[in-house]
There are 2 protein chains.
Amino acid sequence: MALSHAILVSLVDRPHSGYDLAKRFDQTVGFFWPVSHQQIYQELHKLARVGWLRSQMVEQSERPNRIVYELTDDGRHALDAWLAEPTDPPSFKEEMLVKLFALAPGNQPALLAELERRRAMHVARLARYESIMAEHYPEPARLQARRRGRYLGLRMGILNERTTIAWCEEAIACLHAAPADAADAAEVASTTALASPRARTPDARHD
Amino acid sequence: MALSHAILVSLVDRPHSGYDLAKRFDQTVGFFWPVSHQQIYQELHKLARVGWLRSQMVEQSERPNRIVYELTDDGRHALDAWLAEPTDPPSFKEEMLVKLFALAPGNQPALLAELERRRAMHVARLARYESIMAEHYPEPARLQARRRGRYLGLRMGILNERTTIAWCEEAIACLHAAPADAADAAEVASTTALASPRARTPDARHD
DNA sequence: GGCTCCATGTAAGTTGTTACATGATTCA
DNA sequence: TGAATCATGTAACAACTTACATGGAGCC
């Protein structure tokens, strides 16, 4: 549905080859939307067949030839039409939540380990995003219109990572808390599971 | 990959029919993971074929017969093995970000309207989640071990909605901000000429 | 000699979506 | 009369993944 449009968007400014697009995706959209090179090549063929792109072979010596694609007028119109359509909210499939639905005494240590692993992963990602932010958008208040889309993409990445980290920490604390089942009901009242001290990330403010 | 496991998880406690599962999914996992009934029926057939489930026809008068599925020992083992495996982080495909990459003076009003629409949608969702939370988990500190997975799922839903709303508001403000290029074209031209950032940051598409 | 980069693809498979189909019962 | 609920499915398609394939250039 949207991969084709993501390609159209990438070709608005200037023509690109499939290889270029794959690399570009890795550095931009790919952070939150992984796309394989096979998908891109197939989609390019399809879009050319439909008439939204035209292709041109660029012969190279000493290197494989490139096939460069550019938008047609039809493609431009299709893109504009799509931009005006309502956007689907992202469907968010988090495997970890499915696993937590199966929470039981037997698998609790495994799930805890997994939560720790995920937390570390998101901390690393956040650091990567924040360094990109510091380097490329030191002053977000004054930003050329054309760069705002990219800025907002990165910004969402950062907000999401912070939220996920905060959630991992909550979840870890929650699993560590003494069980409230029959026997230990009284003991739990004193430990207050979810109110345990944990690092508050600056933007995880709503909790 | 994970739909089959989500079904196994749902059958841990007791047997269910495909219809039951579809309804259950709508109320739990379905909030963050929409699954169609066709998918469930197909997956049930597959899991029965593989031997992780066994099925039993329940004849009913005045109603269509039901086919009830329950876990086999093989299924139970497969589930335990899956729980111990590392979890993929969710791939997060947000169409809105793709659209924002195409931000230009011509489509700016359409994108703003879309951001407003999305914001309202997430506000409504958040309200729904919070009312469920208030009704079912009024005291999260003392929670039976078995209910913690569901609680954490809902909790992540709430955190995500809050984050998305905050982002929508940022994005709306960002697009409303006075453009830094039309009037300041000369300034921009001189900065890019002086700085030439591409030479130093070859892998940076964020500029 | 093995590695990565450049640049393109095919083929087979799995997963997910959309549309269509049945047929009785209950409620407004 | 029309719609919703119960309960199951088939068929066709679109989207995505995984594996395989080529072949020169330059690097350590």
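Reminder, nothing fancy here: chain letters follow the sequence lines and each chain counts from 1.
When each of C/dT8, D/dG9, C/dT18 is scored by its nearest atom to the side-chain atoms of A/Ile67, the top-ranked nucleotide is C/dT8. Side-chain atoms of B/Tyr19 lie closest to D/dT5 of the nucleotides D/dT5, D/dG9, D/dT17. Minimum atom distance to the side chain of B/Leu3 is reached by C/dG16, of the listed D/dT5, C/dG16, C/dT8.
Checked against B/Glu161 for a salt bridge (charged side-chain N to carboxylate O under 4.0 Å, His left out), the options B/Arg155, B/Arg125, B/Arg118, B/Arg128 give a single hit: B/Arg125.
Side chain to side chain, B/Lys99 and A/Thr87 meet the donor-acceptor criterion of an N or O pair below 3.5 Å.
At least one side-chain heavy atom of B/Arg117 sits under 4.5 Å from a side-chain heavy atom of A/Pro86. Proximity of A/Ile67 to A/Tyr41: side-chain heavy atoms (C-beta onward) are nowhere separated by under 4.5 Å. In this structure the side chain of A/Val68 never reaches within 4.5 angstrom of the side chain of A/Asp20, judged on heavy atoms.
For the pair A/His5 NE2 and D/dA15 C1', the computed distance is 14 Å after rounding to whole Å. B/Lys93 has its NZ atom 12 Å from the P atom of C/dG16, to the nearest Å. Atom P of nucleotide C/dT14 and atom CG of B/Asp88 are separated by 18 Å, given to the nearest angstrom. At whole-Å resolution of the value, CG in B/Asp26 and C1' in D/dA7 are 15 Å apart. Here C/dT15 presents its P atom at 7 Å from CD of B/Glu43, a figure rounded to the nearest Å. B/Arg66 has its CZ atom 18 Å from the C1' atom of C/dG23, to the nearest Å. The nearest whole Å value for the distance from the OH atom in A/Tyr41 to the C1' atom in D/dC16 is 17 Å. Between B/Gln42 atom CD and D/dT8 atom P there is a gap of 14 Å when expressed in whole angstrom units.
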Generate the contact string for nucleotides 19-25 of chain D. Rules: B means base contact, S means sugar-phosphate contact only, - means no protein heavy atom under 4.0 Å. B---B-S
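Residue A/Lys46 places none of its side-chain N or O atoms closer than 4.0 Å to OP1 or OP2 of D/dA14. Here A/Gln60 does not reach the OP1 or OP2 of C/dC6: none of its side-chain N or O atoms lies under 4.0 Å away. OP1 or OP2 of C/dT8 sits under 4.0 Å from a side-chain N or O of A/Ser17. Remark: A/His45 is not in phosphate contact with C/dT8, judged by side-chain N or O atoms under 4.0 Å from OP1 or OP2.
For B/Arg54, the salt bridge (Lys or Arg N to Asp or Glu O under 4.0 Å) test picks out B/Glu70, with sequence neighbours left out. Residues satisfying the side chain to side chain donor-acceptor pair (under 3.5 Å) criterion with B/Asn107, sequence neighbours excluded, are absent altogether.
Position along DNA chain D of the nearest nucleotide to A/Val35 versus B/Gly18 favours B/Gly18 as the more 5'-ward residue.
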